[in-house]
Amino acid sequence: MNFIEELKWRGLLQDVTPGAEEQLNKEMTLGYVGFDPTAESLHIGNLVPVMLLKHFQACGHRPVALVGGATGMVGDPSGKSAERNLLDEPTLRRNQAGVERQLRKFLDFSPEAPNAAVLVNNYDWMRQFSFLEFLRDYGKAITVSYMMTKDSVQNRLDTGISFTEFSYQLIQGYDFLHLYRSLDCRLQMGGSDQWGNITTGTEMVRRIDGGQVHACTAPLLTKPDGRKFGKSEGGNVWLSAEMTTPYKFYQFWLNVSDEEAERHIRIFTMLDRPTIEALVAEHRADPQARLLQRRLAEEVTVLVHSRQEYETAVEASAVLFGKGTAEGLRRLDEATLLAVCEGIPRHEAQGLAEGANVVDFLVEVGAFASKGELRRLIANGGLYLNQEPVQEAARALAGSELLHGKYLLGRKGKKNYFLISIS
RNA sequence: GGGGAGAUACCAAAGUGGCCAACUGGGGCAGACUGUAAAUCUGCUGACGUAAGUCUUCGUAGGUUCGAAUCCUGCUCUCCCCA
């Protein structure tokens, strides 16, 4: 399988250096992607470069996942409109461990495979560098005017950029040189926002060692309206089950628009071309069945979580979004109810005073942050309890409304559920 | 080193003594329509309060004033020009 061709039809290729394809066709090649540990978990935006590595391996090449323990200490200016605060050391190390653990899951590291994946951390080779040594041996190879031409720097010239973030590309560039020297790694991949940083690397390898290395990038995903990809109601969609429950994760994919679904199924699944084309055709014939969304959600949830967690998410979705009438909900036995609600936010209450006011109660247990907000929501008709709309804010709650005498299933808008359990 | 400009709510950006909890746009949330879609339309978007209203907010610390986001001073940060 030709890697570059594969990326092309999947819509995963934005830029590629001339000669990259020849190199890949010539021999098994090492290629790397860097992940800076800016959070304890990767999010679905990072899934794009992860897929690059997966396809790279599937095409017979050897993927290197680089965790940016060192680069993460400095801060990448790419795509940032302002200087960020540096993460402290303990946070960074915790994040690093989390990211490493996740990366291991996506690639084949089994030692018997000739193209087994490799995991490295640039902190390992950057930490022993002295500042002077780095300046003398590597900083000399790159001119300031070259560094200034990068978009990531240009965009910050008016609003300000520290020397620290300005230097980021040198550190990342050195990574490439290091991997080239130590592993004969010849390709760096990433999102298109990384193009500037990556080419600084290829340039350093060329000027310092006279080596020829290559780069390719994937387009930055945006929603059809141009907004950033990867956020859903209330924030990022994380790969960690603790930070984004598998249910929410599944729901995110199930909710993508038709347009996005057609693009995403090529990007985020390993399904082959005929399979995908058939699915797309079938979906277009009967869009309301949302076949594409279902399949996409299945593939990605199974990849990131597991088959079992996927199945739980499907069951929960069926109950919450099916013909979920109030009576249907009451008929569920307690175990099923709890299983269904596993992935949704949960709040504990110390007991329910008979006749307690809805607004006061929900804010008290922490389901909502502000009474004003909740009142507005109710006035708009957006609050449901046990699948029935709440008409007025002053309504009182009765103990008889509780499911199994201790649960209250709330819903904000069409799809945001929460469960309150009362002891 | 010298001179100039600036810091406003999630972001962008008005406001230059009371009419400002702060125009507007984006984002976000909700409603209608639908397919848990897109597009469109509508409402909301500091906290508390049914409301009248009260409280906290315009980089930061003080000051002037009956009254400040708006005026003055110190501090922090940013940008531009000259050297």
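In what follows, chains are A, B, ... by sequence order, proteins preceding strands, each numbered from 1.
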With the threshold set at 4.0 Å, does a side-chain nitrogen-carboxylate oxygen contact exist between [X] and [Y]?
{"X": "A/Glu364", "Y": "A/Lys371", "result": "no"}
{"X": "A/Arg263", "Y": "A/Glu259", "result": "no"}
{"X": "A/Arg273", "Y": "A/Glu6", "result": "no"}
{"X": "A/Arg395", "Y": "A/Glu401", "result": "yes"}

Rounded to whole angstroms, how far apart are [atom1] on [X] and [atom2] on [N]?
{"X": "A/Phe368", "N": "B/C29", "atom1": "CZ", "atom2": "P", "answer": "13 Å"}
{"X": "A/Tyr384", "N": "B/U36", "atom1": "OH", "atom2": "P", "answer": "13 Å"}
{"X": "A/Ile265", "N": "B/A37", "atom1": "CD1", "atom2": "P", "answer": "18 Å"}
{"X": "A/Asn357", "N": "B/U50", "atom1": "CG", "atom2": "P", "answer": "8 Å"}
{"X": "A/Tyr250", "N": "B/U36", "atom1": "OH", "atom2": "P", "answer": "13 Å"}
{"X": "A/Lys415", "N": "B/G35", "atom1": "NZ", "atom2": "P", "answer": "14 Å"}
{"X": "A/Glu260", "N": "B/U36", "atom1": "CD", "atom2": "P", "answer": "17 Å"}
{"X": "A/Arg284", "N": "B/A38", "atom1": "CZ", "atom2": "P", "answer": "17 Å"}

Determine the Euclidean distance between corresponding [atom1] atoms of [M] and [N]; express it in Å to zero decimal places.
{"N": "B/G18", "M": "B/A69", "atom1": "C1'", "answer": "13 Å"}
{"N": "B/U56", "M": "B/G62", "atom1": "P", "answer": "15 Å"}
{"N": "B/U24", "M": "B/U34", "atom1": "P", "answer": "31 Å"}
{"N": "B/G74", "M": "B/G4", "atom1": "P", "answer": "14 Å"}
{"N": "B/C58", "M": "B/A7", "atom1": "P", "answer": "14 Å"}
{"N": "B/C10", "M": "B/G59", "atom1": "P", "answer": "13 Å"}
{"N": "B/A39", "M": "B/G49", "atom1": "P", "answer": "36 Å"}
{"N": "B/A83", "M": "B/C75", "atom1": "C1'", "answer": "26 Å"}

Phosphate-side-chain proximity, [X] and [N], N/O vs OP1/OP2 below 4.0 Å:
{"X": "A/Asn416", "N": "B/U36", "value": "no"}
{"X": "A/Lys412", "N": "B/G28", "value": "no"}
{"X": "A/Ser370", "N": "B/C48", "value": "yes"}

Whether [X] engages the ring of [Y] as a cation-pi pair (distance to the six-membered ring centre under 6.0 angstrom, angle to the ring normal within 45°) should be assessed.
{"X": "A/Arg104", "Y": "A/Phe109", "answer": "yes"}
{"X": "A/Arg156", "Y": "A/Phe166", "answer": "no"}
{"X": "A/Arg206", "Y": "A/Tyr180", "answer": "no"}

Treating A/Ser167 as the side-chain partner and A/Phe163 as the backbone partner, does any N or O pair qualify as donor plus acceptor under 3.5 Å?
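Yes, A/Ser167 side chain to A/Phe163 backbone: donor-acceptor pair under 3.5 Å.
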Is a side-chain N or O of A/Arg411 found less than 3.5 angstrom from the main chain of A/Leu320, in a donor-acceptor match?
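Answer holds: no.
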Categorize A/Arg290 for me: base, sugar-phosphate, or nothing, with a 4.0 angstrom heavy-atom threshold over every strand shown.
base
Heavy atoms under 4.0 Å, any strand shown: does A/Leu254 hit a base, just sugar-phosphate, or nothing?
base
Side chain of [X] only, please: which of [options] is the nearest?
{"X": "A/Lys371", "options": "B/G31, B/C48, B/A37", "result": "B/C48"}
{"X": "A/Phe321", "options": "B/U36, B/A30, B/G35", "result": "B/U36"}
{"X": "A/Lys414", "options": "B/A30, B/A37, B/U34", "result": "B/U34"}
{"X": "A/Pro287", "options": "B/G35, B/G31, B/A30", "result": "B/G35"}
{"X": "A/Gln251", "options": "B/U36, B/C44, B/A30", "result": "B/U36"}
{"X": "A/Arg376", "options": "B/C48, B/G35, B/C44", "result": "B/C44"}

Comparing A/Arg156 with A/Arg375, nearest RNA chain B nucleotide closer to 5' gives the residue A/Arg375
Is there a donor N/O on one and an acceptor N/O on the other, under 3.5 Å, for the side chain of A/Glu373 and the base of B/U45?
no
Paired and unpaired positions of RNA chain B as dot-bracket, Watson-Crick or G-U wobble under 3.5 Å, | denoting a partner strand:
((((((((.[[[..)..(.....]]]((((((.......))))))(((....)))...[[[[[..)....]]]]]))))))).
